[in-house]
K.L.:
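My structure is below; once you've seen it, I'll send some questions.
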Amino acid sequence: MALDWKNLGFQYLDTHCHIKYTSKHGQWDAGELVDAPYLNIHIAATALHYGQAAFEGLKAFRGSDGQVRIFRPEKNAERMRTTARRTFMAEVPTELFVSAIKKVVTANEESIPPYGTGGSLYIRPLLIGSGPKIGVEPSAEYSFIVLVNPVGAYYKGGLNPVNAMVVDGYDRAAPNGVGHVKVAGNYAASLEPATVAKQAGFPINLYLDAKEHRFIDEFGTSNFIALKDNTYITPVSDSILPSITNMSLMQIAEDFGMKVERRPIEIDELNSFEQIAACGTAVVVTPVHKIVTANKIYEVGDGTVTSQLQQLFDTVTGIQYGEIEDRHNWCELLD
Ligand code: PLP
Ligand code: COI
């Protein structure tokens with residue numbers, strides 16, 4: 001495949017095939033690889049009308065030793081099951097989830113960016129209610145699809161700091177709502193504030209807690225992390241997505257002897273941090289310099305990347321590319 005591996009960005013690209021499974025009355029079928037990137041779906045499918053739709057995001061990496069590593073797929077399986085329960089969809093067992101990913105990555109091996117290009121194969125599992133209902137009820141049929149897409153950087157420029165905006169008048173997730181799960185509707189709700197932020201020159205937006213607008217929740221597509229006095233600080237909140245990247249970085253920080261704090265973070269605390277960053281599968285670790293709200297501008301650090309953040313980034317990506325020992329057994333090797 002003739003792709004400019006070093007300049008992929010984060011956009012849709014066709015690959016050979018996706019994999020698709022169907023569950024009827026609670027029983028998953030054997031699944032099949034499908035070449036055409038289309039789905040024949042009932043016009044009354046619950047995914048279309050009532051938002052029974054969940055997705056996941058993870059990556060496969062071509063390592064320095066030529067092997068392909070999939071980063072913590074069983075964690076995404078677990079999270080998708082939590083989302084399925086909250087949206088009353090059929091759960092995908094972890095074994096099926098991981099085996100589907102391995103099959104579709106193998107079938108698209110030539111779409112995995114070569115080692116050294118900084119790219120990876122983004123894996124997008126999708127679970128939808130595909131059966132018809134006209135009353136608001138859960139579907140009796142579900143489709144589980146995994147598609148893959150070679151990607152590079154989500155925000156241009158690797159570890160270059162970006163500025164973020166808290167867009168007034170928009171919340172991401174209500175208390176007791178669905179912010180802690182990965183339902184498609186959360187992202188529909190994010191499109192307008194994300195566009196407002198982009199048009200004002202901010203590639204990323206930050207959400208505060210919906211109840212008081214006092215505490216930091218997370219960014220639109222990533223978790224919030226802060227560094228100060230050899231401490232890694234990240235918000236604890238019922239309405240943020242439990243990020244697998246954040247979970248891994250917390251472990252790495254501990255391995256380096258840093259203190260890890262998970263606690264509510266007031267927006268005004270921003271002034272006291274040495275460094276802040278966004279973390280997630282797509283954004284990896286993206287430093288954030290300024291945060292602009294309706295009435296304040298917070299400037300964190302001097303706009304450079306601290307050696308501690310660099311070390312966290314180098315370690316997680318080093319493990320993913322097989323350059324650093326995977327001491328916690330996070331990577332699933334492709335046979
Ligand atoms: N928060 C939101 C809202 C996200 O969409 C994502 C991306 O999946 C994350 C956080 C980061 O999660 P992870 O590190 O598991 O990709
Ligand atoms: C991810 O990081 O996998 C995400 O889901 C973020 C975004 C591309 C939706």
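Indexing begins at 1, ligand by ligand and atom by atom, following the structure's order. Only heavy atoms go into these numbers, but all of them, side chains included; no hydrogens, no water, no symmetry mates. The structure displayed is predicted, hence computed values, not measured ones.
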K.L.:
Determine, for E274 against K228, whether the closest basic-nitrogen to carboxylate-oxygen distance falls under 4.0 angstrom.
P.N.:
no
K.L.:
Go through it in stages, so that I can follow the logic: the residues are Y21 and Y142, the test is ring-ring contact (aromatic ring centres under 6.0 Å, His included), and I'd like the CA-CA distance, side-chain angles, deciding distance and then a yes or no.
P.N.:
CA-CA 8 Å; Y21 297 77; Y142 293 88; over 10 Å; no
K.L.:
Through direct or indirect side-chain contacts below 4.5 angstrom among Ile, Leu, Val, Met, Phe, Trp and Tyr, which residues connect to I41?
P.N.:
L39, L48, F55, L126, I128, I145, Y187, L241
K.L.:
Quick check on the hydrophobic clustering: are F71 and V148 connected, directly or via other members, by side-chain heavy-atom contacts under 4.5 Å?
P.N.:
no
K.L.:
Please could you name the atoms of ligand 1 that E218 approaches to less than 4.0 Å, counting only its heavy atoms?
P.N.:
1 (N), 2 (C), 3 (C), 10 (C)
K.L.:
For K102, check side-chain hydrogen bond (donor to acceptor under 3.5 Å, both in side chains) against everything at least two apart and list the hits.
P.N.:
E332
K.L.:
Taking 4.0 angstrom as the limit and counting only heavy atoms of R79, give me the atoms of ligand 1 inside it, by number and element.
P.N.:
8 (O), 12 (O), 13 (P), 15 (O)
K.L.:
Measure from the side-chain N and O atoms of K20 to the backbone N and O of S143, and report whether any donor-acceptor pair falls under 3.5 Å.
P.N.:
no
K.L.:
Linking Ile, Leu, Val, Met, Phe, Trp and Tyr through side-chain heavy atoms less than 4.5 Å apart, which residues share a cluster with V196?
P.N.:
M165, V167, Y170, F202, V292, I297
K.L.:
My understanding is that only one of K182, R124, R79 makes a salt bridge (charged side-chain N to carboxylate O under 4.0 Å, His left out) with E56; could you say which?
P.N.:
R79
K.L.:
Can you check whether T306's main-chain N or O pairs, donor with acceptor, with Q275's side chain at less than 3.5 Å?
P.N.:
yes
K.L.:
Suppose we measure from atom 7 (C) of ligand 1 to each protein heavy atom; which comes out shortest, and what is that distance?
P.N.:
K182 NZ, 3.4 Å
K.L.:
Hey, which atoms in ligand 1 end up nearer than 4.0 Å to a heavy atom of Y187?
P.N.:
2 (C), 3 (C), 4 (C), 5 (O)
K.L.:
Measuring from each atom of ligand 2, which residues have a heavy atom under 4.0 Å away?
P.N.:
F10, F55, G57, Y122, R124, Y154, K182, Y187, T221, T281, A282
K.L.:
Below 4.0 angstrom, N of the basic side chain to O of the carboxylate: do R263 and E261 qualify?
P.N.:
yes
K.L.:
Under 3.5 Å, is there a donor-acceptor pair between the side chain of N186 and the main chain of V178?
P.N.:
yes
K.L.:
For atom 3 (C) of ligand 1, what is the nearest protein heavy atom, given as residue, atom name and distance?
P.N.:
G220 O, 3.3 Å
K.L.:
Mark up the atoms of ligand 1 that fall under 4.0 Å of a heavy atom belonging to R172, in ascending order.
P.N.:
3 (C)
K.L.:
So which heavy atom in the protein is nearest atom 6 (C) of ligand 1, and how far is it from that ligand atom?
P.N.:
T221 O, 3.2 Å
K.L.:
Using distance alone, determine whether S243 and ligand 1 share an N or O pair under 3.5 Å.
P.N.:
yes
K.L.:
Should you measure from each heavy atom of S222, which atoms of ligand 1 turn up under 4.0 Å away?
P.N.:
1 (N), 2 (C), 4 (C), 9 (C), 10 (C)
K.L.:
How far is atom 16 (O) of ligand 1 from the closest protein heavy atom, and which atom is that?
P.N.:
T281 OG1, 2.6 Å
K.L.:
Can you find an N or O of I244 that's nearer than 3.5 Å to an N or O of ligand 1?
P.N.:
yes
K.L.:
Under 4.0 Å from a heavy atom of N223: give me the atoms of ligand 1 that qualify, with their elements.
P.N.:
1 (N), 10 (C)
K.L.:
Going from CG on L249 to CG on L312, what distance comes out if it is rounded to the nearest 0.5 angstrom?
P.N.:
6.0 Å
